[in-house]
Every structure is written in structure tokens, then in C-alpha cells.
Q: 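This is the structure I have questions about; it appears just below.
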Amino acid sequence: MREGCCRPHGRSANNETEFEIKIAEKAENCAYEKSRAREIGLMQVVFNIPGPLREFTGNQSAVRVEVEAGANLLQVLQALFVVYPGLRHRVLTEAGETRRHVNIFVANENVRYTGGLATAVPAEAEVSIVPAISGG
């Protein structure tokens, strides 16, 4: 192998050792940050709120809630209802099921086809609540 092919010209063994130590420290810091994130275990989910339901969110078209990482749709909705309780009866029935005239999408997928309220919600996902509107 040619000199300088794997090591820049003018670099000594001490510089390589320092470089390796810095990489090891950076890897340790990254591992620490990841483990810390797991300890905290929170994620944010954005809800897109349609016009007819905005009266329950202070006229906000999008709201964020923070939930435990790995939460399913029901858990994420429950966190939303804690902050905006008026939405609950517009989205779920008294039995806790999605109302027939309401469609919910997680990342553009209709949850009726992905597991309903048990659908996994990834971090930073967008959840859209889309009630059917009738009229003429």
C-alpha cells in the first residue's frame, strides 16, 4: 500500500491516536444521548385539525402533543383529549370506538385499514382527523 493512501501526508502515529480517541469520545456521547432519549422516551405527534373541529382547539389548524415513544393511536388521541377535551365526543363514541363518519389518517394511511386505534404512531408523525361533511 502506498504511503498517504490511508493517512494524510505529515500525520504521525500520535495524531492518529488523538483522532481515534476523538472518534471514540464522539461515539460515547452519541450513545449517551440515545440512551438518554430512551430514558425520557417521549415523542411529538402533530394533529391536523379540520375547520369544523377547530372551535375545540382555539382555532388552531395543527396542534402538537407529546406522548411516550411507541404509543399507538388510542394513546395519542387520549393525550390530545387531555389538552382539548371537546374533541373526544366528536371523534370517538361513548364505547371508545372511532365514529363511523370520522376518518383518521396516520402519515396518509387510513387507520381503518392499518389496525384502527391500535395503529402504531411513529415519532413526528402527522395525524389527520377528517370528519365527513354532508350538505348541499
Side-chain angles (χ1 to χ4, degrees):
M1 200 191 259
R2 292 182 325 185
E3 180 67 32
C5 184
C6 295
R7 174 183 342 159
H9 292 295
R11 198 167 254 229
S12 67
N14 281 346
N15 286 341
E16 283 183 15
T17 304
E18 289 174 23
F19 181 72
E20 290 170 0
I21 290 172
K22 287 181 183 180
I23 288 178
E25 287 173 354
K26 188 174 183 179
E28 286 176 19
N29 287 341
C30 185
Y32 173 76
E33 289 173 11
K34 285 182 181 178
S35 69
R36 183 81 176 128
R38 272 187 244 118
E39 284 176 23
I40 296 171
L42 296 177
M43 67 178 187
Q44 285 193 349
V45 177
V46 177
F47 280 90
N48 294 314
I49 308 296
L53 297 178
R54 289 183 190 160
E55 68 181 273
F56 303 104
T57 62
N59 288 325
Q60 295 181 73
S61 62
V63 295
R64 290 183 183 271
V65 295
E66 210 166 65
V67 295
E68 286 187 30
N72 64 27
L73 179 59
L74 179 59
Q75 294 165 325
V76 172
L77 284 170
Q78 288 171 340
L80 176 69
F81 301 150
V82 167
V83 182
Y84 304 103
L87 287 174
R88 187 190 189 292
H89 296 294
R90 277 34 178 214
V91 177
L92 300 180
T93 65
E94 291 75 23
E97 298 172 353
T98 306
R99 292 193 177 277
R100 286 187 355 187
H101 67 278
V102 174
N103 289 303
I104 301 174
F105 295 84
V106 173
N108 298 325
E109 294 290 328
N110 191 329
V111 298
R112 292 190 193 280
Y113 309 111
T114 61
L117 295 174
T119 299
V121 178
E124 298 296 323
E126 285 193 22
V127 177
S128 299
I129 301 171
V130 183
I133 306 294
S134 62

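No hydrogens, no waters, no symmetry mates; every other heavy atom, side chains included, goes into these values. Here, residue 1 is the first one in the sequence, and each next residue gets the next number. Source: prediction; values computed, not measured.
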Q: V76 versus V106: any side-chain heavy-atom pair under 4.5 Å?
A: no
Q: If I take atom CD1 from residue I49 and atom CG from residue L80, how far apart are they, to the nearest 0.5 angstrom?
A: 5.5 Å
Q: Give me the atom names and distance for the closest heavy-atom approach of N72 to V121.
A: C-CG2, 3.9 Å
Q: Checking R90 now: which residues fulfil salt bridge (Lys or Arg N to Asp or Glu O under 4.0 Å) with it, not counting sequence neighbours?
A: none
Q: Could you report the tightest heavy-atom contact between R112 and T98, atom names first, then the distance?
A: NH2-CG2, 4.3 Å
Q: For A79 versus V67, what's the shortest heavy-atom pair and its separation?
A: CB-CG1, 3.4 Å
Q: Is N48 close to E126 at the side-chain level, that is, under 4.5 Å between some pair of heavy atoms?
A: yes
Q: Would you please name every residue forming a salt bridge (Lys or Arg N to Asp or Glu O under 4.0 Å) with R54, sequence neighbours left out?
A: none
Q: Could you grab the distance from atom CD1 of I104 to atom CG of L92, nearest 0.5 Å is fine?
A: 6.5 Å
Q: Tell me, do V111 and L117 make a side-chain contact under 4.5 Å, heavy atoms counted?
A: no
Q: Salt bridge check, E94 against R88: does any charged N sit closer than 4.0 Å to a carboxylate O?
A: no
Q: Measure the spacing between CD of E124 and CD of Q44 and express it to the nearest 0.5 Å.
A: 5.5 Å
Q: Provide the closest heavy-atom pair for F47 versus V65 in the form atom of the first, atom of the second, distance.
A: CE1-CG2, 3.6 Å
Q: Please round to the nearest 0.5 Å and tell me the distance separating atom CG of N103 and atom OH of Y113.
A: 7.5 Å
Q: Is there a donor-acceptor pair closer than 3.5 Å between any side-chain N or O of T119 and the backbone N or O of L73?
A: no
Q: Hydrophobic clusters here meaning ILVMFWY residues chained together by side-chain heavy-atom distances under 4.5 Å, can you tell me if L53 and V83 are in one?
A: yes
Q: Taking the side chain as every heavy atom from C-beta outward, state whether V46 and V127 have any atom pair closer than 4.5 Å.
A: no
Q: Which heavy-atom pair separates F56 from Y84 by the least distance, and what is that distance?
A: O-CD2, 3.2 Å
Q: By the rule that ILVMFWY residues connect when side-chain heavy atoms come within less than 4.5 angstrom, directly or transitively, which residues belong alongside V130?
A: F105
Q: Which distance, rounded to the nearest 0.5 Å, do you find between the CD of E55 and the CG of L87?
A: 9.0 Å
Q: Give me the atom names and distance for the closest heavy-atom approach of R99 to H89.
A: NE-O, 2.7 Å
